[in-house]
Protein chains: 2
Amino acid sequence: MIISEVSEKFGISPDTLRYYERIGLIPPINRNKSGLREYTEQDCHWIQVILFMRDAGMSIELLLEYVKMVHQGDETMQTRKELLIEQRNQLVARIEELQKTLALLNGKIENYEKSVVPNEKKLKKQKNK
Amino acid sequence: MIISEVSEKFGISPDTLRYYERIGLIPPINRNKSGLREYTEQDCHWIQVILFMRDAGMSIELLLEYVKMVHQGDETMQTRKELLIEQRNQLVARIEELQKTLALLNGKIENYEKSVVPNEKKLKKQKNK
DNA sequence: CCTTGACCTGGAGTTAACTCCAGCTGTTAT
DNA sequence: ATAACAGCTGGAGTTAACTCCAGGTCAAGG
């Protein structure tokens with residue numbers, strides 16, 4: 001897969017893809033004979049994972065640490081697993097927070113529904129003035 | 001309530017509170033005789049709402065637009081309501097996304113020894129090419 | 001052959017949302 | 001009454017995460 005296709009597939013810009021590679025978040029992508037990046041399925045899978053994690057609020061810095069640990073090999077396995085568990089716990093907390101916010105939003109919207117009607121009445125009165 | 005108390009209560013810095021006021025996200029807070037900000041219950045309530053919205057991913061710019069509309073009065077009510085509904089829809093989608101990510105994380109953690117490690121070894125190999 | 005268009009690189013610029021600072025004032029504890 | 005604190009202001013600085021750019025290569029179509 002060429003960069004424009006990957007960009008399209010994941011909804012991120014080619015610039016961002018190159019940027020991720022530059023900083024080492026994505027491994028160096030293989031090139032075809034004319035020097036263009038050729039993304040493999042594996043590359044795409046890793047990009048997908050990264051995007052999920054980023055969307056879940058994990059910082060690039062932390063993801064880089066994770067990548068670094070992968071390079072350091074098996075001895076960091078436990079730490080990596082702990083990192084993921086920590087992320088999961090934060091994510092669970094985050095989802096709970098968002099659900100509270102959703103309830104708040106729903107309440108506010110309901111309020112508008114209640115007060116839009118009185119508002120329209122006011123408008124009518126104004127008309128009759 | 002004085003600024004340090006509000007800061008403590010919501011876990012944001014006094015600087016951020018002043019910043020929010022500066023840009024008009026929070027109304028001008030009343031001062032006591034020596035010029036210090038004195039936050040009312042109402043102020044706190046509004047700060048709470050803002051923080052929830054911020055946490056849910058709503059930008060300051062959009063919140064400012066909302067505030068501006070509140071100032072413009074009742075004629076903007078319908079638009080405000082629509083804005084909130086739009087935000088709710090986005091939030092619902094966001095929560096669903098995060099739940100997917102949570103599932104992915106859980107999978108990664110569960111299978112850590114079985115599949116994630118060998119998979120990442122492959123990635124490493126590729127990188128070393 | 002020449003133009004067009006996607007991709008390349010290293011480096012600079014942008015954006016949102018804070019965060020810090022210098023120099024000041026009023027309040028409180030010793 | 002003097003030193004140590006909070007808080008105040010306008011403005012400058014910081015950070016994360018992109019995003020853009022100039023100047024160049026390469027393959028294909030008319």
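Atoms considered below: every heavy atom in the structure, side chains included; atoms not considered: hydrogens, waters and symmetry mates.
Boundaries of the chain A contact region on DNA chain D are D:dA17 to D:dA27, first to last in 5' to 3' order (nucleotide atom under 4.0 Å from a heavy atom).
Under the 4.5 Å side-chain heavy-atom criterion for Ile, Leu, Val, Met, Phe, Trp and Tyr, B:Tyr19 and B:Leu17 are members of the same hydrophobic cluster. Residues A:Met58 and A:Ile12 fall within the same hydrophobic cluster, defined by Ile, Leu, Val, Met, Phe, Trp and Tyr side chains chained together at heavy-atom separations under 4.5 Å. A:Ile109 and B:Val49 fall within the same hydrophobic cluster, defined by Ile, Leu, Val, Met, Phe, Trp and Tyr side-chain heavy atoms under 4.5 Å apart, directly or through other members.
When each of B:Leu91, B:Leu84, B:Ile60 is checked for a side chain to side chain contact (heavy atoms under 4.5 Å, CB included) with B:Met53, only B:Leu84 meets the rule.
Nearest heavy-atom pair across B:Ala56 and A:Leu98 is CA-CD2, 3.7 Å. When every heavy atom of B:Trp46 is checked against every heavy atom of B:Leu25, the shortest pair comes out as NE1-O, 2.8 Å. A pairwise comparison of heavy atoms in B:Met1 and B:Val6 identifies CB-CG2, 3.9 Å as the closest pair.
Put simply, the side chain of B:Glu21 gets close to the backbone of B:Ile29: a donor and an acceptor are under 3.5 Å apart.
For the pair A:Met58 and B:Leu36, both in contact range of DNA chain D, the more 5′-proximal nearest nucleotide belongs to B:Leu36. When the nearest nucleotides of DNA chain C are assigned to B:Lys33 and B:Glu61 by heavy-atom distance, the more 5′-ward of the two goes with B:Glu61. Comparing A:Ile60 and B:Glu5 by the nucleotide of DNA chain D whose heavy atom lies nearest to each, the residue mapping closer to the 5' end is B:Glu5.
Taking the six-membered ring where the residue is Trp, A:Tyr112 and B:Tyr66 present perpendicular rings, their angle passing 60° and hence far from 30°.
Contacts between residues 13-26 of chain B and DNA chain D, counted as heavy-atom distances below 4.0 Å, involve B:Arg18, B:Arg22.
Straight-line distance from the CD atom of A:Glu38 to the P atom of C:dC8: 11 Å, rounded to whole Å.
B:Lys100 and B:Glu97 are joined by a salt bridge, as a carboxylate oxygen and a charged side-chain nitrogen come within less than 4.0 angstrom of each other.
Residue A:Arg37 has no polar side-chain atom (N or O) positioned under 4.0 Å from OP1 or OP2 of C:dC7.
Side chain to side chain, A:Ser13 and A:Thr16 meet the donor-acceptor criterion of an N or O pair below 3.5 Å.
Comparing the axis of the opening five pairs of the helix from C:dC1-D:dG30 to C:dT30-D:dA1 with that of the closing five pairs yields an angle of 0°, rounded to 10°.
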